[in-house]
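Let me begin by handing over the structure; questions about it come next.
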Amino acid sequence: MTCDGPLACSSFASESGSDILGDLAWLESGRLVISVETRNAETSLVVVTPCNAITVPATISADRIQPDADHLAIGAMSCPAPASEYEAWAKRLVSRPLDYRLDGDELVLESGTVTLRLSRVVD
């Protein structure tokens, strides 16, 4: 595994988020964890939801994450609501381009009406 780029080999836990409907309280307290991994020269986002993990190859530039949603993989475990709804929300999020800002240990992801704030997880 290589660690090139500002997000590489890092994990970030959700602190807050909002979309067109308003604040998403379920994102508080690290309910969503996003990691960036590079293996065999392919970078992927790994999103751990309250249900399954989602993995999607992605190209990451200085301020944009471009997921390859055609190659998205998701766990096969069935989950009851609301965990299944949270997983569906996360899948929609990482199926489209994301603008990002990294300010120290805070990562902000934005796409359309969605804003997600995460903090770096320190091992």
Side-chain angles (χ1 to χ4, degrees):
M1 184 170 12
T2 59
C3 294
D4 297 325
L7 302 180
C9 300
S10 295
S11 295
F12 299 87
S14 61
E15 294 291 330
S16 65
S18 62
D19 64 13
I20 197 166
L21 299 176
D23 288 339
L24 299 168
W26 71 270
L27 288 168
E28 297 172 7
S29 304
R31 298 289 305 268
L32 195 72
V33 176
I34 298 178
S35 303
V36 178
E37 298 181 355
T38 302
R39 296 178 193 267
N40 301 322
E42 182 176 277
T43 300
S44 295
L45 295 180
V46 178
V47 183
V48 178
T49 75
C51 187
N52 287 295
I54 301 167
T55 303
V56 60
T59 302
I60 302 175
S61 67
D63 61 357
R64 191 161 181 89
I65 300 170
Q66 180 66 51
D68 180 0
D70 291 339
H71 293 95
L72 182 143
I74 194 164
M77 182 175 70
S78 176
C79 301
S84 60
E85 296 161 4
Y86 301 157
E87 178 188 274
W89 184 91
K91 180 181 176 189
R92 286 190 303 275
L93 178 70
V94 298
S95 294
R96 58 186 178 212
L98 300 161
D99 294 322
Y100 79 88
R101 292 186 316 276
L102 185 61
D103 184 15
D105 288 334
E106 181 183 60
L107 175 64
V108 178
L109 300 176
E110 296 178 317
S111 181
T113 61
V114 175
T115 299
L116 178 57
R117 295 184 184 284
L118 307 104
S119 294
R120 189 182 304 268
V121 175
V122 180
D123 293 329

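Along the sequence shown, residues are numbered consecutively beginning with 1. Predicted model only: the values in this text are computed from it and were never measured.
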For this session: Scan residues 64-101 for pairs that pass disulfide bond (SG atoms under 2.5 Å apart), counting only residues two or more places apart or in two chains.
Result: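 Checked against disulfide bond (SG atoms under 2.5 Å apart) - neighbours excluded - the pairs reaching residues 64-101 are C51-C79.
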Problem set entry | Under 3.5 Å: donor-acceptor pair, side chain of S111, backbone of V114 | no
Exercise. Just wondering, do P67 and R96 contact through their side chains at under 4.5 Å, heavy atoms?
Worked result: no
Problem set entry | Close side-chain approach of I34 to L109, heavy-atom, < 4.5 Å |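 In contact.
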Exercise. How would you list, by chain and number, every residue that makes a side-chain contact (heavy atoms from CB on, under 4.5 Å) with A81, sequence neighbours excluded?
Worked result: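 Expected list: S84, E85.
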For this session: Could I get the full list of ring-ring contact (aromatic ring centres under 6.0 Å, His included) partners for Y86, not counting sequence neighbours?
Result: W26
Exercise. Given side chains that start at C-beta, do those of L118 and Y100 come closer than 4.5 Å, heavy atoms only?
Worked result: no
For this session: For side-chain contact (heavy atoms from CB on, under 4.5 Å), just list the numbers for L102 and V108, CA-CA rounded to whole Å, side-chain angles, deciding distance to a tenth of an Å, and then say yes or no.
Result: CA-CA 7 Å; L102 185 61; V108 178; over 6 Å; no
Exercise. With no hydrogens and no angle check, is any side-chain donor or acceptor of S35 less than 3.5 Å from a backbone partner on S11?
Worked result: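 A pair under 3.5 Å: no.
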Exercise. For R31 and S14, does a side-chain donor sit closer than 3.5 Å to a side-chain acceptor?
Worked result: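 R31 vs S14: no donor-acceptor pair found between side chains.
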Exercise. Hey, is R101 close enough to E110 for a salt bridge, meaning N to O under 4.0 Å?
Worked result: yes
Problem set entry | Test item: T49 side-chain N/O and E87 main-chain N/O as donor-acceptor pair under 3.5 Å |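 Flag not set: sc T49 to bb E87 has no pair under 3.5 Å.
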Seminar exercise, completed: Rounding to 0.5 Å, atoms CG (L98) and CG (L116) come to a distance of 8.5 Å
For this session: Return the set of residues passing salt bridge (Lys or Arg N to Asp or Glu O under 4.0 Å) with R120 (not counting sequence neighbours), or none when no residue passes.
Result: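 In terms of salt bridge (Lys or Arg N to Asp or Glu O under 4.0 Å), with neighbours along the sequence ignored, R120 is linked to D105.
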For this session: State which residues pass side-chain contact (heavy atoms from CB on, under 4.5 Å) with S18; sequence neighbours excluded, sorted by chain then number.
Result: D23, T115
Exercise. Could you state the interatomic distance from CD1 (I54) to CD1 (I74), rounded to the nearest 0.5 Å?
Worked result: 4.0 Å
Problem set entry | Path from V47 to W89 over hydrophobic side-chain contacts below 4.5 Å |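 Same cluster.
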Exercise. Do you know the tightest heavy-atom contact between P50 and A83?
Worked result: O-CB, 4.0 Å
Exercise. Tell me, do T55 and L72 make a side-chain contact under 4.5 Å, heavy atoms counted?
Worked result: no
Exercise. So which heavy atom on N52 is nearest to which on M77, and how close?
Worked result: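 Closest heavy-atom pair between N52 and M77: ND2-O, 2.7 Å.
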Exercise. Given L7 and L45, is the side-chain contact (heavy atoms from CB on, under 4.5 Å) satisfied, shown in steps?
Worked result: CA-CA 10 Å; L7 302 180; L45 295 180; over 6 Å; no
Exercise. Shortest non-hydrogen contact from S119 to E15?
Worked result: OG-CG, 3.2 Å
Exercise. Got a sec, which residues hit salt bridge (Lys or Arg N to Asp or Glu O under 4.0 Å) with D19, two or more places apart in sequence or on another chain?
Worked result: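 By the salt bridge (Lys or Arg N to Asp or Glu O under 4.0 Å) rule, D19 matches no residue at all.
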Seminar exercise, completed: Note: L32 and A90 closest approach over all heavy atoms is CD1-CB, 3.9 Å
Exercise. If you group Ile, Leu, Val, Met, Phe, Trp and Tyr by side-chain heavy-atom gaps below 4.5 Å, do L107 and V33 land in one group?
Worked result: no
